[in-house]
Amino acid sequence: FDCSGLVQYVCKKNGISLPRTAASQRYAGKYVSRADLQPGDLVFFKSGGRISHVGIYIGGGNMIHAPQTGDVVKVSSINSTYRVNGYAGAVRVY
């Protein structure tokens with residue numbers, strides 16, 4: 001998986017249709033503030049001013065995501081310096 005492919009796959013398995021790319025997925029749901037994140041919300045990150053990554057928030061400050069094509073799916077913190085600096089918002093699609 002790549003990041004948006006994983007998110008699209010998981011959502012489809014749960015009856016939710018999403019666009020293919022992370023940038024398009026960013027606008028597929030209702031905006032959620034970082035303080036109001038709930039498990040299942042999609043969290044987005046930017047690089048170079050554009051959306052470059054998406055994961056699924058699982059609670060406790062963590063997300064499940066596919067770091068890059070060919071890598072394994074991982075659980076990572078959204079509170080690392082790298083993730084905080086690149087945070088680009090979240091949406092709720094359910």
Side-chain angles (χ1 to χ4, degrees):
F1 287 112
D2 65 1
C3 63
S4 58
L6 171 66
V7 168
Q8 187 182 47
Y9 175 83
V10 170
C11 286
K12 185 175 182 179
K13 290 291 185 182
N14 288 281
I16 301 166
S17 179
L18 285 181
R20 177 63 181 93
T21 67
S24 297
Q25 290 171 356
R26 172 66 179 84
Y27 301 101
K30 180 182 175 201
Y31 175 80
V32 178
S33 73
R34 190 177 176 102
D36 292 327
L37 286 173
Q38 294 181 11
D41 291 341
L42 306 184
V43 288
F44 296 88
F45 303 89
K46 64 182 182 267
S47 176
R50 64 179 188 83
I51 300 293
S52 60
H53 195 63
V54 60
I56 302 171
Y57 187 70
I58 59 171
N62 293 307
M63 68 173 172
I64 187 168
H65 67 125
Q68 60 192 24
T69 303
D71 200 350
V72 297
V73 174
K74 295 180 179 173
V75 173
S76 297
S77 173
I78 66 167
N79 296 319
S80 69
T81 301
Y82 176 75
R83 293 287 177 216
V84 168
N85 289 339
Y87 189 75
V91 297
R92 188 165 294 149
V93 295
Y94 55 92

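We're numbering straight along the sequence, starting at 1.
- We find the CE-OG distance between M63 and S77 to be 8.0 Å, quoted to the nearest 0.5 Å.
- Applying the ring pair (Phe, Tyr, Trp, His ring centres under 6.0 Å) test to residues at least two apart or on different chains, the pairs with a partner in residues 49-70 are H53-H65.
- The list of salt bridge (charged side-chain N to carboxylate O under 4.0 Å, His left out) pairs with a residue in residues 79-94, not counting sequence neighbours, reads D41-R92.
- Considering only residues two or more places apart in sequence or on other chains, K74 meets the salt bridge (charged side-chain N to carboxylate O under 4.0 Å, His left out) condition with D71.
- Chaining together hydrophobic side chains whose heavy atoms lie under 4.5 Å apart places I64 alongside F1, L6, V7, Y9, V10, I16, L18, L42, F44, I51, V54, I56, I58, V73, V75, V91, V93, Y94.
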In residues 32-40, what donor-acceptor pairs under 3.5 Å come from side-chain atoms, sequence neighbours left out?
residue	atom	partner	partner atom	Å
S33	OG	D36	N	3.3
S33	OG	D36	OD2	3.0
R34	NH2	I78	O	2.8
R34	NH2	N79	OD1	3.0

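- Clustering of Ile, Leu, Val, Met, Phe, Trp and Tyr by side-chain heavy atoms under 4.5 Å joins V72 with none of the others.
- Other cluster members for Y82: none, since no ILVMFWY side-chain heavy atom sits under 4.5 Å from it.
- Under the rule for a side chain to side chain donor-acceptor pair (under 3.5 Å), S52 has no partner lying at least two apart in sequence or in another chain.
- Residues in residues 18-28 take part in these side chain to side chain donor-acceptor pair (under 3.5 Å) pairs, two or more places apart or across chains: D2-R20, S4-R20, T21-S24.
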